[in-house]
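Just follow the structure's listing: the first ligand is 1, and inside any ligand the first atom is 1.
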Amino acid sequence: MFDSSVRTLVVVGAQWGDEGKGKLVDVLAEQADWVVRYQGGANAGHTVYVGEQKTVLHQVPSGILHPGVRCAIGNGVVLDPAQLFVEIEKLVAQGVDVVGRLYVSDRAHLVMPYHKQVDGASSASKAIGTTGRGIGPCYVDKVARRGVRVLDLRNPARLRTLVEAGVGHANEQLVASGSALRASVDETMAFLSDVAPRLLPLAEDVGLALSNAVKARAALLLEGAQGSLLDVDHGTYPFVTSSNTTVGGAATGAGVPPTALHAALGVVKAYTTRVGNGPMPTELGDALGEEIRRIGNEFGATTGRPRRCGWFDGVVARYAARVNGLTALAVTKLDVLDTLPELKLCTGYLVDGELLREFPGDLDLLERAVPQYDVLPGWRRSTADARRWDDLPGEAKRYLYRLEELSGTPIRYVSVGTRRDQIIDVKA
Ligand code: IMP
């Protein structure tokens, strides 16, 4: 997707996360100089297969498996340092060279042990079904201006003041939620003094490095986490994550100007999944939903939770295309639908007798939405070995043409399996 006019490409999830962004980023990283995570944190789970070797990345950008590519964690990420070290150690044990090519923004906020305690104890987190990784509480502290940034590790006096404020607030939250847990300033400071000597060597002014890379016309791939419908502004609020997952968040979260972003690849599954609570109009609560979960192995890469499964939702995809300004689509897991005799694509929602074609902001409307479907015949044969558009069965092409029409975005990639090579570049 990179060429002389597209030097910066954003890859975003165009549903509720878990669309297969990790695989697309891994495939596209071959052409990139930099791969950058710009929001979220260890709530993400990006799965990449190289041959039979499965790697699940939570915070390290999915470009790390390509030796020449530099990887950066941007200022918009909430970084869990302990988890980062675990991830780095696993990569090193796998023979991946991480040293000298992984950078962490000095402005990124740190997820503290007390953020995880608050996330775990809060009834609001339970109602949303968060991943429990401390993401929301860390972003709360960031916005409330008491967050701890990587660069604060260089200044022990300021660090202590911030930790005192954070611990004080966390303990108020823990008391209010009825939890017996308490955060402690001394324990948190001890944790941070352990973290600092390992994290500070990775700390960098990532915004500056990326802006210089943009000037030098380097190829930058910005890797979104979660999905557009989990965006704190544009998603199914309040059943969302606490960051801007959409393309707007890529500019602020990486520290590059919005004018530097040239293209946006939206990743969608050929059907829909969601993990956690909140509306999902095309959810299949029946045996078919379970069959899709089984075939697609739809269990969370971070939490192991079963994902809710349903038909492809064209209203969602068109909305994501609008909010992100998608220039192309990648459709993943087409092969999961190989055995189904009949497939449905949602074209609109019927709400109180009125046909809605635009995704509503009001969850009450969504809860009452009755999805309207186009029904298409299945192809009932394996697509796992298709490598060109013309290798696909006629019914699969028809399904994809309709999906493309409903999304209003041209399909560039179709993924037909977990491996790197199981992908069709429609333009190749
Ligand atoms: P949080 O991001 O842990 O605060 O969780 C908020 C919501 O986003 C919950 O519904 C989670 O299940 C969902 N979520 C967070 N990260 C991911 C992800 O990487 N994939 C899918 N859903 C996610």
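By the 3.5 Å distance cut-off applied to N or O atoms, Arg305 is counted among the residues near ligand 1. Polar contact with ligand 1: present for Val275 (N/O pair, distance under 3.5 Å). Backbone and side-chain nitrogen or oxygen atoms of Asn43 are examined, and one is located within less than 3.5 angstrom of a nitrogen or oxygen of ligand 1. Taking distance alone, with nitrogen or oxygen atoms compared against 3.5 Å, Ser242 stays at or beyond that limit from ligand 1.
When each of Val336, Leu337, Thr332 is paired with Lys269, the side chain to side chain contact (heavy atoms under 4.5 Å, CB included) condition holds for Thr332 and for no other.
The protein atom (non-hydrogen) at minimum distance from atom 3 (O) of ligand 1 is Thr131 OG1, 2.6 Å. Shortest contact from atom 2 (O) of ligand 1 to any protein heavy atom: Thr241 OG1, 2.6 Å. With hydrogens left out, the protein atom closest to atom 20 (N) of ligand 1 is Asp18 OD1, 3.0 Å, a heavy atom. Counting only heavy atoms of the protein, atom 7 (C) of ligand 1 lies nearest to Val240 O, 3.8 Å.
Panel note: side chain Gln39, backbone Ala225; a donor-acceptor pair is recorded below 3.5 Å. Glu19 contributes a side-chain N or O that, together with a main-chain N or O of Gly17, makes up a donor-acceptor pair within less than 3.5 Å. Under a 3.5 Å cut-off, the side chain of Arg357 and the backbone N or O of Thr347 do form a donor-acceptor pair. Checking side-chain atoms of Gln15 against main-chain N and O of Arg274 turns up no donor-acceptor pair under 3.5 Å.
Every atom of ligand 1 is numbered from 1 in the order shown, and the set under 4.0 Å from a heavy atom of Leu230 is 8 (O), 13 (C), 14 (N), 22 (N), 23 (C). Ligand 1 places these atoms under 4.0 Å from at least one heavy atom of Trp16: 21 (C), 22 (N).
For the pair Leu192 and Pro81, the minimum side-chain heavy-atom distance is 4.5 Å or more.
The residue from Pro137, Gly129, Gly276 that puts a heavy atom closest to atom 11 (C) of ligand 1 is Gly129. Across Leu229, Thr245, Thr130, Ile128, heavy-atom proximity to atom 4 (O) of ligand 1 is greatest for Thr130.
By the 4.0 Å heavy-atom criterion, Arg307 is excluded from the residues contacting ligand 1. Not a single heavy atom of Ala225 sits less than 4.0 Å from an atom of ligand 1. Put simply, part of Gln226 is less than 4.0 Å from ligand 1, judged by heavy atoms. Note on ligand 1: Asp119 sits outside its first shell, no heavy atom being nearer than 4.0 Å.
Of all the heavy atoms of Thr303, none lies under 4.0 Å from any atom of ligand 1, so neither backbone nor side chain is involved.
Listed by chain and number, the residues in a side-chain contact (heavy atoms from CB on, under 4.5 Å) with Thr161 amount to none (sequence neighbours excluded).
By the 4.0 Å N-to-carboxylate-O rule, Asp374 lies too far from Lys344 to be salt-bridged with it. Between Asp80 and Arg133 no salt bridge is recorded (no basic side-chain N to carboxylate O distance below 4.0 Å). Taking 4.0 Å as the cut-off between side-chain N and carboxylate O, Arg318 and Asp313 do not count as a salt-bridged pair.
The six-membered or imidazole ring of Trp34 lies near that of Tyr103, with a centre-to-centre distance under 6.0 Å.
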